[in-house]
Chemist: 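Below you will find the structure I want to go over with you.
The figures here come from the full heavy-atom set of this structure, side chains too, leaving out hydrogens, waters and symmetry mates. So you know, we letter chains A, B, ... as the sequences are listed, proteins then strands, and number each from 1. Values in this document were obtained by computation on a predicted structure and should not be read as measured data.
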Protein chains: 2
Amino acid sequence: MERQDLRKAGLKVTSPRLKVLQILEHSQQRHMSAETIYRALLDSGEELGLATVYRVLTQFERAGLVSRNNFEGGQAVFELADRTHHDHMVCLETGKVTEFFDERIEVLQREIAEKYGYSIEDHSLVLYVRPKK
Amino acid sequence: MERQDLRKAGLKVTSPRLKVLQILEHSQQRHMSAETIYRALLDSGEELGLATVYRVLTQFERAGLVSRNNFEGGQAVFELADRTHHDHMVCLETGKVTEFFDERIEVLQREIAEKYGYSIEDHSLVLYVRPKK
DNA sequence: ATGCCTGCAAAGCTTTTGCAGATGC
DNA sequence: GCATCTGCAAAAGCTTTGCAGGCAT
């Protein structure tokens, strides 16, 4: 239940927070910008401010409930952090986002970082693709 | 010679364009934001506007003379497009940017895109790392 | 009761753009 | 000479923040 998630994160259970969580859980698209979430809520008759959506998403991110992706195109997109690590593929024609995970790439990345005397804290891999003709 | 590069790109040879190219060629850091380039030029006594730096960089990018990287932290960084394709590693402690290339990762990426019926148009791989203790 | 939230409006930051004058060819 | 540039200031787009009132507990 979402209320627990919020409490566990030290956040009071408020209407805007529940609404945003619910949109992220039940919307057909898994990856949404703050603005998209905001509009979805307005359209379903909810009253809240865009600033609140941003604030709530930032708190959720810090709490580990959602993750933020900076794809090309200005707006960050958020997704529920209910899955294990994965990377993304963005279709340049439809905007569709596909998630994928490949352990071999993960291993190679660690190997490369190590070769330079580093260890990986975080990484970002995005493929911008087009349907193959 | 830089003047040729500019002409070839259909750009008039102007002072701001030459200056920006020279900074990119001769600065100790290879990856610079528009603002950093702008400051470097001001500091060396050149007169030009920040808007011009942005305009010039965008034109250079379109002409294939520089490439733009969107690392975390708001500002895009530019580098001379004088090398073959490579990816980046950014040290979270020093900000140092290291370039690397691994054909195995490239192959895996193509393989994955293909599995989903796509072909890769572009991709972005950035490792955020820390010195290994 | 009180400390955490929210909405609104304003501000912040990076980047882009309109316009009038300047400059390369 | 004329199209292309440049600088300046203003605008744009996304996101954050200050503040005064509102709500959860």
Chemist: What contact category does A/Ala76 fall into here, base, sugar-phosphate, or nothing, at under 4.0 angstrom with non-hydrogen atoms?
Modeler: sugar-phosphate
Chemist: Using the closest heavy atom to pick a nucleotide of DNA chain C for each, name whichever of B/Ala51 or B/Gln75 lands nearer the 5' end.
Modeler: B/Gln75
Chemist: Between A/Asn70 and B/Glu72, is there a side-chain donor-acceptor contact under 3.5 Å, judged purely by atom types and distance?
Modeler: no
Chemist: Measure the spacing between CZ of B/Arg17 and CZ of B/Arg55 and express it to the nearest 0.5 Å.
Modeler: 9.5 Å
Chemist: To the nearest 0.5 Å, how far apart are CG in A/Leu125 and CD in A/Glu106?
Modeler: 8.0 Å
Chemist: Judged by each residue's nearest nucleotide on DNA chain C, which is more toward the 5′ side, B/Arg7 or B/Gly73?
Modeler: B/Gly73
Chemist: CZ of B/Arg17 versus C1' of C/dC25: gap in Å, rounded?
Modeler: 13 Å
Chemist: Would you say a side-chain N or O of A/Ser15 is under 4.0 Å from OP1 or OP2 of C/dT6?
Modeler: no
Chemist: Whole angstroms only, please: what is the NZ-P distance between A/Lys12 and C/dC5?
Modeler: 6 Å
Chemist: Roughly, in whole Å, what's the span from OH in A/Tyr54 to C1' in C/dC8?
Modeler: 16 Å
Chemist: Could you tell me whether the side chain of B/Arg68 reaches within less than 4.5 Å of the side chain of B/Leu57, counting heavy atoms only?
Modeler: no
Chemist: Within the structure shown, what part of the strands sits under 4.0 Å from B/Glu47 by heavy-atom distance: base, sugar-phosphate, or nothing?
Modeler: sugar-phosphate
Chemist: Round to a whole Å and report the spacing from CG of B/Leu50 to P of D/dG7.
Modeler: 10 Å
Chemist: If only side-chain N and O atoms of B/Arg55 are considered, is one of them under 4.0 Å from the OP1 or OP2 phosphate oxygen of C/dT16?
Modeler: no
Chemist: Verify the contact: side-chain N or O of B/Thr52 to OP1 or OP2 of D/dC5, cut-off strictly under 4.0 Å; return yes or no.
Modeler: no
Chemist: Rounded off to whole Å, could you give me the CG-to-P distance for the B/Leu6 and C/dT23 pair?
Modeler: 18 Å
Chemist: Closest to the A/Arg68 side chain: C/dC25, D/dA24, D/dT16?
Modeler: D/dT16
Chemist: Rounding to a whole Å, what distance do you find between B/Tyr38:OH and D/dT6:C1'?
Modeler: 13 Å
Chemist: Between C/dC25, D/dT6, D/dT25, which nucleotide gets closest to the side-chain atoms of B/Val56?
Modeler: D/dT6
Chemist: From CG of B/Leu41 over to C1' of D/dG7, roughly how many Å is that when rounded to an integer?
Modeler: 15 Å
Chemist: What is the distance, to the nearest angstrom, from the CD atom on B/Glu61 to the P atom on C/dT15?
Modeler: 12 Å
Chemist: First locate atom CG of B/Leu11, then atom CZ of B/Phe60, and finally report the distance between them rounded to the nearest 0.5 Å.
Modeler: 6.5 Å
